[in-house]
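Since the model is a prediction, treat every value here as computed from it, not as a measurement. Computed from heavy atoms alone, side chains included, the values below leave out hydrogens, waters and symmetry copies.
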Amino acid sequence: MVFLEPVMDARPEPAQDEDWWRGAVIYQIYPRSFQDSNGDGIGDLAGIIHRLPHVADLGVDAIWISPFFRSPMLDFGYDVSDYRDIDPMFGTLGDFDAMITRAHELGLRVMIDLVLSHTSDQHPWFKESRASRDNAKADWYVWADAKPDGTPPNNWLSIFGGSAWEWDGERMQYYMHNFLAEQPDLNLHHPDVQAELLDVARFWLERGVDGFRLDTINFYFHDKELRDNPALDPEDRNDDTAPAVNPYNFQNHLYDKNQPENLDFLRRLRSLMNEYGARAAVGEVGEAQRGMEIQAEYTSGGDKVHMCYDFALLSNNEPTGTFIGNVLDKSNHILSDGWACWAYSNHDVVRHSSRWNLPEPAQRVYAALLMSLRGSVCLYQGEELGLTEAYVAFEELQDPYGIRFWPKFKGRDGCRTPMPWVRDNQTGGFTDGKPWLPVAMEHLHQAVGVQEEDPNSTLAFYQSMIAFRKAHPVLAKGTLELVDYNDRMISLVREHDGARMFCAFNLSAGELELAQPPGNWRQDKGAPFRADITDTTITLPPYQAYFALDEGQ
C-alpha cells in the first residue's frame, strides 16, 4: 500500500500554552495496528502520517504514540534496544520528523512513550553490564547474588509470571526483571543511569516532541536492601495491574517499586522538560493498592510530572454510578493538588465496551461522563468507533502474556487488532499484506469510512462530545463537586472562572428522575443529549445525560 504525500492544511501549529495539558484529550496510537504503508502487515510512521487527519477531525489535543524504538519486539517495543533510533519496521528518524511536522500542521501535539524502567537484554548497556562485575556499566542494572542455597535474592515476582529474578551464568548472579526475563530492570540508584535517561528525554525533546507518556513510572526504583515483599490479605487482592491468574497479586509490593527516591528523579525530569516550554508528561502508575496516593505524590507541587493515571477505570470493576462516584470522591480528597488522566481503554486491557458489556447507547453516556471529569482524558484508537474486544485464536496470538496464561487469560492481542478504515476489504484498509494480527470481521461495519457517512454514528458522537468539552473550559479545567450518585446514576457540578455546569448521567436501561441542585440552571443545547425538564425535576431516558449552565441571579 503506497500513499501519496498528503496535502498540507493551513492549520496553525499548536500554540505555546504552558497549561495545554490540563484537561486535554489525548489519543493513543498503537503504531503496529494503526496503518501499514508498505504492505508488510505492520503499521508504521508513514501510515500514521496518512491517517492523522482522522485524529485531527476528532478534535483531540494530542496524540500519544506507543513505542517505535529499535527493539527485538518480544514485548512489541516495550523492550528497547536503542532509545535514539526508530525500528526499521516503523520507518526512519526522517519519517518521525515528518510525522511531527504533519501533526503540528494539523494542530496536534505529539507525546511519545518512554520506557525508562527497563531495557531489552539486547541493549548494548546490558550486554556490557552482564559481561563482568567490574566494567563501566556493571551496576547499571539490578544485580544480586544468590542465596546460599542458590535461590533468588528475595521473593519479588514478575508481572508476567514467576520470579522477578533471572540467573545469568556469565556474571554468576541474578538480575531483576519486573516484566519479561528479556527486559532487565535499570538501576536508577546509579547517577550515570539517571543522567543517560535524562539525555534520552532531551534527544526527543530536541526533535520536537511535546511530551511523554512514561511507562510504569512507579517501577523506576527498587529497595536497595532487597527486602522481601509481605503477603497481601486475600480480600485485598485485585487484578488491576496483573490478571487474577498471576500470583503477582498475592504480594503487597512495598519494596520492588514505589520507592521515595523516585520523587527526586521526577523533579529532574520536570526541570529538563521546563527548559523546552509547553511540554507535558503523563505517568502510568501500575499499583493496585495505593495507585491514587502515588498519583498525588507524583503530580503535586508543580515540580514533578504533570499528570498520572492508574487502573481504577481500566479495571474489571462494574462501572456503576456508586463505583465511579467512590473513585471520584477519593480523587477529590487525595488529588486536590495533583492532576489525574482518566481512561477506560488502552493497549493493556480488554476494550471497555466488551469488558463492561456496554450496548451502544451506554457507550455514549459513559463517554460523556469521561469527557466531564476533572482531569485529562486518554482515548485509545478505535474507542471512537465503539470497537469491541476482538477474538484471536491461540495459534494467532502474539502477546507473550496471553500465550503464557492461556486460556484463563488471553493476553492483550484482542485490544490490539488493526484499526478498520474501510468496510470493503478483509483487512479494513489497514494493509495490502497479511496483518500481524487478524482484522476482526465484526469491526468492518464499524470502519471509519462507514461511520463518516452517518451523522448519528458513534464517531460523530465522539466528535460532538469532544467539541462540547472544548467549548466549555469548565469541563476541561474546573473543580468537581459530586452532587449525587447511586448504582444507576451520577451527577456533579463543575466550576471554573465564574462558570458553573451541572452534569447528570443515567447509567441504566430505565428512565430516571432527579432534582437539580440549587441554582438558576438552563439546559445547554450544545450537548449531544436531551432531557425532559419541569420546574422541579429532570427526566432522563435510558443512557442519557443532562448538561446545564447556571445563569446566576
Pair Gln544, Arg530: side-chain N/O donor-acceptor within cut-off below 3.5 Å: no
Lys/Arg N to Asp/Glu carboxylate O, Arg351 vs Glu389, below 4.0 Å: no
Show, in sequence, the C-alpha distance, side-chain angles and deciding distance for Glu297 and Leu263, and conclude whether the side-chain contact (heavy atoms from CB on, under 4.5 Å) test is met. CA-CA 8 Å; Glu297 285 182 348; Leu263 297 176; 4.3 Å; yes
Using the rule given for side-chain contact (heavy atoms from CB on, under 4.5 Å), can you reason through Val80 versus Arg70, listing the C-alpha separation, both sets of side-chain angles and the distance that settles it, and then say yes or no? CA-CA 6 Å; Val80 179; Arg70 281 190 180 267; over 6 Å; no
Under 3.5 Å side-chain donor-acceptor pair for Gln295 and Asp310: yes
How close do Gln446 and Gly386 get, counting heavy atoms only, and between which atoms? NE2-O, 3.0 Å
Between Lys304 and Asp264, does at least one N-O distance fall below 4.0 Å, as a salt bridge requires? no
So, Glu360 versus Thr458: side-chain donor-acceptor pair below 3.5 Å or not? yes
Could you grab the distance from atom CG of Asp44 to atom OG1 of Thr92, nearest 0.5 Å is fine? 10.5 Å
Side chain to side chain, Lys330 and Val327, heavy atoms closer than 4.5 Å: no
Nearest heavy-atom approach of Gly429 to Gln35 is O-NE2, 3.1 Å
Looking only at side-chain N and O atoms, does Glu452 offer a donor or acceptor that is under 3.5 Å from a partner on His54? no
Strictly by modelled atom types, are His104 and Asp210 linked by a side-chain donor-acceptor pair under 3.5 Å? yes
Between Trp204 and Phe96, does the ring centroid distance fall short of 6.0 Å? yes
Distance only, no hydrogens: is a donor on one side chain within 3.5 Å (strictly under) of an acceptor on the other, for Ser376 and Trp339? yes
Is Asp303 salt-bridged to Arg270, going by a charged N under 4.0 Å from an acidic O? no
Distance-only, no hydrogens or angles: does the Lys434 side chain make a donor-acceptor pair with backbone N or O of Gly39 under 3.5 Å? no
Over all heavy atoms of both residues, which pair between Val349 and Leu314 is shortest? Give the atoms and the distance, please. CG1-O, 3.7 Å
Does the side chain of Thr431 pick up a donor-acceptor pair with the side chain of Asp36 at under 3.5 Å? yes
Ignoring hydrogens and angles, state whether a donor on the side chain of Asp75 or Gln183 is under 3.5 Å from an acceptor on the partner side chain. yes
Kindly indicate, with the supporting measurements, whether the criterion ring-ring contact (aromatic ring centres under 6.0 Å, His included) is fulfilled by Tyr30 and Tyr380. CA-CA 8 Å; Tyr30 193 70; Tyr380 179 51; 7.0 Å; no
Between Leu379 and Gln28, is any pair of side-chain heavy atoms under 4.5 Å apart? no
Does a side-chain heavy-atom distance below 4.5 Å link Gln381 with Ser33? yes
Output the distance between atom SG (Cys378) and atom CG (Leu313), rounded to the nearest 0.5 Å. 12.0 Å
Step through the shown structure and confirm whether more than 12 heavy atoms of other residues, nucleotides or ligands are within 6.0 Å of CZ on Arg22. yes
With a 4.5 Å limit on heavy-atom distance, are the side chains of Leu266 and Tyr298 in contact? yes
What is the minimum heavy-atom distance between Lys470 and Val60, and which atoms define it? NZ-O, 3.9 Å
Near Asp337 CG, under 6.0 Å, is it more than 12 heavy atoms from other residues, nucleotides or ligands? yes
Using a 3.5 Å distance criterion without hydrogens, assess whether the side chain of Arg268 forms a donor-acceptor pair with backbone atoms of Leu198. no
I'd like to know if Glu481 and Arg494 make a salt bridge, using a cut-off of under 4.0 Å between side-chain N and carboxylate O. no
Non-hydrogen side-chain atoms of Tyr462 and Glu383 separated by less than 4.5 Å: yes
List the steps, then state whether side-chain contact (heavy atoms from CB on, under 4.5 Å) holds for Met501 with Cys503. CA-CA 6 Å; Met501 179 175 282; Cys503 315; 3.9 Å; yes
After noting the C-alpha distance and the side-chain angles of Phe547 and Gln523, does the key distance pass the side-chain contact (heavy atoms from CB on, under 4.5 Å) rule? CA-CA 6 Å; Phe547 295 88; Gln523 183 172 197; over 6 Å; no
Taking His443 for its side chain and Leu385 for its backbone only, find out whether a donor-acceptor pair lies under 3.5 Å. no
Any side-chain donor-acceptor pair under 3.5 Å between Asp87 and Ser71? no
Any sub-3.5 Å donor-acceptor pair from Glu384's side-chain atoms to Gly382's backbone N or O? yes
Under 3.5 Å, is there a donor-acceptor pair between the side chain of Arg423 and the main chain of His445? no
Would a line drawn from the ring center of Phe529 to the ring center of Phe505 be shorter than 6.0 Å? no
Does Ser315 reach the side chain of Phe323, with side-chain heavy atoms less than 4.5 Å apart? yes
Do Asp413 side-chain atoms and Gln398 backbone N/O form a donor-acceptor pair below 3.5 Å? yes
What I want to check is whether the side chains of Ser117 and Thr216 have a donor and an acceptor closer together than 3.5 Å. yes
Taking everything shown except Gln426 itself, do over 12 heavy atoms lie less than 6.0 Å from its CD? no
Side-chain touch Met292/Leu335, heavy atoms, less than 4.5 angstrom: yes
Is there a donor-acceptor pair under 3.5 Å between the side chain of Asn506 and the backbone N or O of Leu540? yes
Could you tell me if the side chain of Val282 sits less than 4.5 Å from the side chain of Leu214, heavy atoms only? no
Test item: side-chain donor near acceptor, Ser81 and His123, under 3.5 Å: no
Could you report the tightest heavy-atom contact between Asp79 and Pro72, atom names first, then the distance? O-CD, 3.4 Å
Testing the 3.5 Å rule here: is there a donor-acceptor pair between the side chains of Trp20 and Asp61? no
Pair His347 + Tyr78: ring centers closer than 6.0 Å: yes
What's the verdict on salt bridge (Lys or Arg N to Asp or Glu O under 4.0 Å) for Asp215 and Arg213, showing C-alpha distance, side-chain angles and the deciding distance? CA-CA 6 Å; Asp215 185 62; Arg213 181 265 188 180; 2.9 Å; yes
Any Lys/Arg nitrogen of Asp524 or Arg522 sitting under 4.0 Å from an Asp/Glu carboxylate oxygen of the other? no
When every non-hydrogen atom of Pro67 is compared with those of Val115, the smallest separation belongs to CG-CG2, 4.0 Å
Centroid-to-centroid, Trp356 to Tyr344, below 6.0 Å? yes
Got a donor-acceptor contact below 3.5 angstrom from the Trp421 side chain to the Phe34 backbone? yes
Between Ser353 and Leu358, is there a donor-acceptor pair closer than 3.5 Å when you use the side chain of the first and the backbone of the second? no
Report yes or no: does Gln451 contribute a side-chain atom to a donor-acceptor pair with the main-chain N or O of Ser457 at less than 3.5 Å? no
Aromatic ring centroids of Tyr543 and Tyr366 under 6.0 Å? no
Measure centre to centre between the rings of Phe430 and Trp436, then say whether the value is under 6.0 Å. no
